[in-house]
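All remarks here apply to the structure that follows.
Everything numeric here is computed off the predicted structure, so don't read it as measured data.
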Amino acid sequence: MSKPATTQQPIHEIIANRWSGRAYDASKPVSKEQIISLLEAARWAPSCFGDEPWRYVVCNKADNMQAWQAAFDCLVPGNQGWAVNAPVLLLICADTVFRANGKPNKWAPYDTGAATENLCLQAAASGLMAHQMGGFDADKARASFKVPERYQILPMVTVGYQAPVDALSDEVKERELAARNRQPLGELFFDGAWEKPII
């Protein structure tokens, strides 16, 4: 199933075709080489002072079921219902302190978001699907993976191969099949002044 974005202007097909599906094929693992490729894409994101504040805890069901289960147990029930079939779960964190000078890095979540979008685009380019999730217990994740307090817990991400939507519950299937939409460009992007539409 594909759900390309209906855009107001042409954009690259990788961006148009990336979407956050929920139907994963539990029978198709993601190889270690594929995972490293995703992480390499994340590694080359821009960051303030080149600080690279992102940290990813990779939980691959194929080679570390214990870690995968620990990550899965942090998800809210609504996400567990479909994420159970995702072969890879990622916990995303951001270092809130600059490595170079020890000062607070307020841009760490922004930069880590850029790295994660790189990862999601690389997944789409590789025939994989990635879905970012805020529905999880961050405190439990911090404790389960012993994440130091200086690192901000950010969303978790599922990665895997897309499957037919038939296995999803009716409620989730409805969301999966719903048309993608975005607000008009002019409501979000301004031309030199606040709320002056660019288009």
* Asked: Can you tell me if CZ on Phe49 sees more than 12 non-hydrogen neighbours from other groups inside 6.0 Å?
  -> no
* Might you point out which heavy atoms bring Ala45 and Ala115 nearest each other, and give the distance in Å? => CB-CA, 3.4 Å
* Structure fact -> SG of Cys120 to CD1 of Ile15, rounded to nearest 0.5 Å, is 12.5 Å
* Heavy-atom side-chain contact between Glu176 and Trp19 under 4.5 Å -> yes
* For Ser20 and Arg18, test the side chains for any donor-to-acceptor distance below 3.5 angstrom and give the result as yes or no. => yes
* State whether the side chain of Trp68 and the backbone N or O of Ala86 hold a donor-acceptor pair below 3.5 Å, judged by distance alone. => yes
* **Distance (rounded to the nearest 0.5 Å) between Lys32 NZ and Ser37 OG** => 13.5 Å
* To do: Would you mind reporting whether Asp25 and Gln162 have side-chain heavy atoms less than 4.5 Å apart?
  => no
* Could you tell me which non-hydrogen atom of Leu168 sits nearest to which non-hydrogen atom of Arg22, and how far apart they are? => CD2-O, 3.8 Å
* SB check Arg43 Glu40 (cutoff 4.0 Å) -> yes
* Tell me whether Phe145 is reachable from Ile153 by hopping between hydrophobic residues (I, L, V, M, F, W, Y) whose side-chain heavy atoms are closer than 4.5 Å. => yes
* Would you name the heavy atoms of Asp111 and Cys48 that are closest together and state the gap between them? => OD2-N, 2.8 Å
* Asked: Hey, is the main chain of Phe72 close enough, under 3.5 Å, to the side chain of Gln80 for a donor-acceptor pair?
  -> yes
* **Trp82/His131 aromatic ring centres below 6.0 Å** => yes
* Find out if a path of hydrophobic residues (ILVMFWY) with successive side-chain heavy-atom gaps under 4.5 Å connects Met133 to Val76. => no
* Keeping the roles fixed (side chain from Gln69, backbone from Gln66), state whether a donor-acceptor pair exists under 3.5 Å. => no
* **Cluster overlap Trp107 with Tyr151, hydrophobic side-chain contacts below 4.5 Å** => no
* To do: Would you check if the side chain of Lys61 reaches a backbone N or O of Ala67 as a donor-acceptor pair within less than 3.5 Å?
  => no
* May I ask you to list the residues sharing a hydrophobic cluster with Val159, side-chain cutoff 4.5 Å, ordered by chain and number? => Val30, Ile35, Ile36, Leu38, Leu39, Trp54, Tyr56, Val58, Val88, Leu90, Ile92, Leu119, Leu128, Leu154, Val157, Tyr161
* Are Lys28 and Pro87 close enough that some pair of their side-chain heavy atoms sits under 4.5 Å apart? -> no
* **Val84-Met129 co-clustered via ILVMFWY side chain contacts under 4.5 Å** => yes
* Does the pair Asn118 and Gln122 meet the rule for a side-chain hydrogen bond (donor to acceptor under 3.5 Å, both in side chains), with working shown? -> CA-CA 6 Å; Asn118 270 17; Gln122 182 65 32; over 6 Å; no
* Are the side chains of Glu117 and Gln132 in touch, meaning some heavy atoms are under 4.5 Å apart? -> yes
* **Approximate separation, where rounding is to 0.5 Å, of Glu52 CD and Arg99 CZ** => 5.5 Å
* **Gln152 to Arg142 - nearest heavy-atom pair and separation** => CA-NH2, 4.3 Å
* Closest heavy-atom contact between Cys74 and Met156? -> CB-SD, 4.4 Å
* Minimum heavy-atom distance between Phe136 and Ala141, given as atom pair plus value -> CE1-CB, 4.1 Å
* Mark yes or no for whether Arg55, through its side chain, and Ala94, through its backbone, hold a donor-acceptor pair below 3.5 Å. => no
* State, with a plain yes or no, whether a side-chain heavy atom of Ser169 is found less than 4.5 Å away from one of Val172. => yes
* To do: May I ask you to decide if Glu13's main-chain N or O and Asn17's side chain share a donor-acceptor pair within less than 3.5 Å?
  => yes
* List, by chain and then residue number, the residues other than Phe189 in its hydrophobic cluster (Ile/Leu/Val/Met/Phe/Trp/Tyr, side-chain heavy atoms under 4.5 Å); write none if there are no others. => Leu185, Leu188, Ile198, Ile199
* To do: Look at the side chain of Ser2 and the backbone N and O of Pro4, then say whether any donor-acceptor pair between them is shorter than 3.5 Å.
  => no
* Say you draw a straight line from NZ of Lys103 to OG1 of Thr96; how long is it, rounded to the nearest 0.5 Å? -> 15.0 Å
* **Cationic N near anionic O, under 4.0 Å, Asp95 to Arg150** => yes
